[in-house]
Amino acid sequence: VLISRTTMPTKRIHLWSPPRACSTAMMYSFHNRPDTTVTDEPLYAHHLAKRPDLHRDERDAVMASQSSSWNEVVDEVLMAPYESDVVFHKHMAKHIFWEEDLSFMEHPESIHVLLIREPVMQLASWHRTKYERSMDETGLVHQFQLISHLEAKGKKVIVVDAAALLNNPRPVLAELCAECGIPFYESMLNWPAGPRKEDGAWAYYYYGSVHKSTHFSQTVTPIKPFPDEMKQLLTLCEPLYTFMRRLVLVVPTDDLHKGGASHRDTDLVWVRDRLLTRPSATISALDAVVSDGSAVRGCLRVYNGICPMLHEHLGRIEALAIRKGFCGAQTADQIENAVYRTLAVNDVRDNVLIRIVHEDRGVIVSIDDPPTANHELLGRCMSPTDASDEADSSVAQRLQIGAAGEVANAHEIGLCVVLGSTVVVPVANVRTTDTVINATLDAAVAIMKRVPSITSIERRNILLSLVQNADEVFSMTVGSTVSSIHTLNGFSVGCKTDAKPGPFTAEIHTAFQAVMTDSTLWKTMPPWNT
């Protein structure tokens with residue numbers, strides 16, 4: 001039963017969907033609102049009239065039930081007066097013909113929603129029909145063109161992914177309603193089983209499953225091999241779906257967007273030989289970096305347009321890439337160019353992390369924010385005369401002790417110990433220790449070599465027993481800053497007589513401060529316009 005009509009302008013929601021994408025369930029959801037009238041594919045007869053080559057079992061029934069005149073449908077259905085505040089028109093995107101009058105799309109009352117579905121699932125479902133396997137029949141090209149057409153006219157397009165709708169209907173529908181400027185009703189989540197009088201004349205052929213449904217749910221179908229004859233079509237569909245998925249409605253409870261979008265989501269990323277948007281910055285699952293983790297990784301930090309010891313770090317990455325026999329091994333200068341261009345195009349030059357992954361076929365460079373929370377406590381540059389209970393607590397909370405008594409994440413938190421005049425620096429906890437360049441610890445090692453009282457520097461696994469019996473304990477974080485550690489897991493470590501950093505930690509900190517003020521040790525980034 002419809003609620004009383006208000007004086008507000010009608011909201012005319014046009015859902016443009018591909019076939020086999022739960023569009024009828026969406027129509028039933030909106031039909032269950034108290035303020036909405038729905039129509040089912042009103043342009044279908046026109047589509048069949050324009051495409052006499054298409055065989056459809058329902059052709060005669062459709063032609064008898066609808067007008068095949070585009071203008072009549074627009075005037076008498078799409079833009080007709082309604083007694084409800086909301087009108088929901090379910091369309092197949094492929095029913096659009098660009099030579100027709102599309103002015104109704106630009107009308108202030110018109111709201112456009114694209115429903116998309118993962119091509120693998122859509123095409124596998126479409127394959128169960130006996131109809132044409134063509135790009136035109138998928139509707140994806142029409143959806144892509146519709147986005148361009150509406151954006152040129154200044155109209156917003158709302159994109160909903162069918163998988164998100166089926167998995168999390170309430171938050172997706174609530175967000176969709178908010179975008180459309182209409183209230184969300186709990187009644188949209190359920191509907192009575194059975195047909196509707198609004199169903200199109202083709203319901204007999206296609207709506208068996210949805211007539212049995214009472215709510216949104218994933219269709220359970222037998223897992224079968226993807227049809228070989230659809231694979232070429234799949235390769236054509238995937239890029240269009242990937243593009244449209246970047247525009248999908250962001251729902252806070254959607255796992256893909258949990259916590260909201262990051263301001264880094266719009267950054268550009270260097271991938272091998274060019275800059276790409278983050279959603280496009282992908283590599284094949286068959287690449288060595290994915291299949292066996294074969295890569296050299298580095299993390300640098302930029303301060304006010306300068307990066308400490310840049311050439312030293314990049315030189316080590318180059319050497320390891322050559323040692324591992326990468327076919328696309330890059331020189332330090334080539335990596336520097338990628339780093340510089342990534343920073344420049346994103347217009348960042350201060351307090352930012354540079355993440356470098358050198359894999360078999362080239363270099364991937366991305367930028368990130370400095371660590372926060374516990375990482376931030378660890379990353380503060382501690383005064384040699386100050387204690388850091390906060391840093392102690394932070395490190396203790398993050399210790400991960402392995403079965404053999406080793407500190408499994410010592411490399412991650414940059415945990416170093418002093419034994420006499422020897423400093424023990426952790427190795428990476430990976431299968432081959434030479435695959436990771438930790439620029440932070442490398443910087444620490446370079447700085448420690450400047451401390452006369454340190455006679456040797458060792459890289460090995462850090463055991464908890466080693467930490468508990470050390471003369472001094474400190475951490476070197478991604479920011480290449482020094483934090484003195486005094487308590488771990490309730491044990492007093494390092495300088496046991498007071499809470500001040502020990503002499504070696506203080507000397508390392510002093511050496512670090514000297515590096516910070518010695519410009520010859522830093523690579524200054526040139527102005528962005530050079």
Determine yes or no for a side-chain-to-main-chain donor-acceptor pair under 3.5 angstrom, with Asn346 supplying the side chain and Leu268 the backbone.
-> yes

Test log, rule side-chain hydrogen bond (donor to acceptor under 3.5 Å, both in side chains), inputs Thr24 and Lys90 = CA-CA 8 Å; Thr24 305; Lys90 170 199 158 192; 2.9 Å; yes

Tell me, with the steps shown, if His31 and Glu198 meet side-chain hydrogen bond (donor to acceptor under 3.5 Å, both in side chains).
-> CA-CA 9 Å; His31 181 266; Glu198 292 85 358; 3.2 Å; yes

Can the ring centroids of His46 and Phe97 be said to lie less than 6.0 angstrom from one another?
-> yes

Could you give all pairs that pass the salt bridge (Lys or Arg N to Asp or Glu O under 4.0 Å) test and reach residues 58-78, with sequence neighbours left out?
-> none

Is the shortest side-chain N to carboxylate O distance from Arg20 to Glu118 below 4.0 Å?
-> no

Which class fits the ring pair Phe216 and Trp191: parallel under 30°, tilted 30 to 60°, perpendicular over 60°?
-> perpendicular

Relative to the ring of His95, is the ring of His47 parallel (under 30°), tilted (30 to 60°) or perpendicular (over 60°)?
-> tilted

Is the ring centre of His149 less than 6.0 Å from the ring centre of Trp98?
-> yes

Under 6.0 Å between the ring centres of Tyr44 and His91?
-> no

Contacts of Trp126 that satisfy ring-ring contact (aromatic ring centres under 6.0 Å, His included) - sequence neighbours left out = none

Can you name the one residue among Val77, Leu15, Ile13 that meets side-chain contact (heavy atoms from CB on, under 4.5 Å) with His89?
-> Val77

Whether His211 and Tyr28 hold their rings parallel, tilted or perpendicular, with breakpoints at 30° and 60° | parallel

